[in-house]
Amino acid sequence: DAGVTQSPTHLIKTRGQHVTLRCSPISGHKSVSWYQQVLGQGPQFIFQYYEKEERGRGNFPDRFSARQFPNYSSELNVNALLLGDSALYLCASTRGDSGNTIYFGEGSWLTVV
Amino acid sequence: GIQVEQSPPDLILQEGANSTLRCNFSDSVNNLQWFHQNPWGQLINLFYIPSGTKQNGRLSATTVATERYSLLYISSSQTTDSGVYFCAVEGGNTGKLIFGQGTTLQVKP
């Protein structure tokens, strides 16, 4: 089975633009979470979706939004990009909504210039 | 919220040496995982270990939930073990992983 897949792997955007990142979970997994990792730090939780509903939200501004589709894939959207949004964005999938092994994709490297 | 502290922050080993990485957490958890982040950024799942002991080849991990710490052991280290090791916990059925700051390991040939 394929692991967690993310796209695109690398992208460069200009301040003020919008970006959409995509994630497909492991087959059979119903929960997708998004994390932001800036250089030198551990990943920070942004969102969790389970069965297409938002189950948790981290301390991120409203410029960040996400959704989960009927096939359990997910999109993370960031509006009005700031230089500080430059980071590695990681998608994770798990079978249930909590207490299960969590698997990460390879990430999307976003650079805002 | 739960606090996660990892030590040491940096570790340099000679190939073949053994090492122990530690993770302390501030509250009870229902999930604890160890990850290895490779140079390309991918988080490789090493262990799901909210309690007890597990071994996988040269790696093993022990979590003592009652004392709120976990240890990752690396034996006979290899240069390919280099990278950042993260401990992450989930508390209260939140589905949210809280990561420590990581231990950066460099294994020299």
Side-chain angles (χ1 to χ4, degrees), chain A residues 3-6 8-10 21 23 25-26 29-51 53-60 68 74 86-111, chain B residues 1-7 9-10 21 23-52 54 56 61 63 65 70 72 83-105:
Chain A
V4 181
T5 58
Q6 293 186 240
T9 53
H10 294 81
L21 307 178
C23 172
I26 293 170
H29 285 193
K30 298 181 178 181
S31 175
V32 169
S33 299
W34 289 94
Y35 291 78
Q36 181 197 65
Q37 186 178 19
V38 299
L39 199 61
Q41 298 184 16
Q44 298 290 316
F45 172 79
I46 309 175
F47 287 109
Q48 186 202 21
Y49 278 78
Y50 176 68
E51 287 282 17
E53 292 189 2
E54 183 182 302
R55 294 297 295 269
R57 171 185 286 255
N59 188 23
F60 281 81
Q68 187 176 34
S74 178
S86 296
L88 175 64
Y89 288 84
L90 293 160
C91 175
S93 87
T94 186
R95 190 170 301 275
D97 61 342
S98 67
N100 303 117
T101 304
I102 297 175
Y103 299 90
F104 283 84
E106 295 186 357
S108 294
W109 292 91
L110 170 65
T111 302
Chain B
I2 297 176
Q3 305 295 313
V4 181
E5 294 183 359
Q6 291 186 242
S7 59
D10 300 282
L21 282 57
C23 172
N24 293 329
F25 45 96
S26 61
D27 205 344
S28 59
V29 298
N30 63 340
N31 181 0
L32 187 147
Q33 292 183 233
W34 283 97
F35 296 93
H36 176 212
Q37 189 162 43
N38 66 23
W40 299 271
Q42 185 170 12
L43 284 168
I44 308 298
N45 201 358
L46 298 177
F47 293 102
Y48 169 84
I49 189 165
S51 63
K54 290 186 178 179
N56 184 5
T63 298
S70 183
L72 177 69
V84 184
Y85 289 80
F86 285 103
C87 166
V89 304
E90 174 197 346
N93 295 318
T94 62
K96 161 188 170 181
L97 279 180
I98 300 168
F99 283 77
Q101 288 297 96
T103 293
T104 300
L105 173 65

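Within every chain, numbering begins at 1; the chains are lettered A, B, ... in the order of the sequence lines, protein sequences first and strands thereafter. The analysis underlying the following values was restricted to heavy atoms, covering all of them including side chains, and did not include hydrogens, waters or symmetry mates.
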A quick test of your reading: do over 12 heavy atoms of other residues, nucleotides or ligands sit less than 6.0 Å from CD of Glu51(A)?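 Yes, because the 6.0 Å sphere around CD of Glu51(A) holds more than 12 heavy atoms from other groups.
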
Rounded distance (nearest 0.5 Å) linking atom [atom1] of [X] with atom [atom2] of [Y]:
X	Y	atom1	atom2	answer
Leu90(A)	Phe99(B)	CG	CZ	7.5 Å
Ile102(A)	Phe35(B)	CD1	CZ	6.5 Å
Lys96(B)	Arg57(A)	NZ	CZ	12.5 Å
Ile98(B)	Gln44(A)	CD1	CD	9.0 Å

What's the verdict on side chain to side chain contact (heavy atoms under 4.5 Å, CB included) for Tyr35(A) and Leu97(B), showing C-alpha distance, side-chain angles and the deciding distance? CA-CA 9 Å; Tyr35(A) 291 78; Leu97(B) 279 180; 3.3 Å; yes

Where on [X] is there a heavy atom nearer than 4.5 Å to chain B: the side chain, the backbone, both, or neither?
X	answer
Gln48(A)	side chain
Ser33(A)	side chain
Leu88(A)	side chain

For residues [X] and [Y], report the shortest heavy-atom separation together with the two atoms involved.
X	Y	answer
Tyr48(B)	Asn100(A)	CE1-C, 3.8 Å
Gln37(A)	Phe86(B)	NE2-CZ, 3.5 Å
Asn45(B)	Tyr103(A)	ND2-CE2, 3.7 Å

Heavy-atom pairs under 4.5 Å with chain B: which of Phe47(A), Trp109(A), Tyr50(A), Phe104(A) has the most?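 Most heavy-atom pairs under 4.5 Å with chain B: Phe104(A).
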
Which atoms of Gln37(B) come close to chain A, meaning under 4.5 Å heavy atom to heavy atom: side chain ones, backbone ones, both, or neither?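 Side chain only.
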
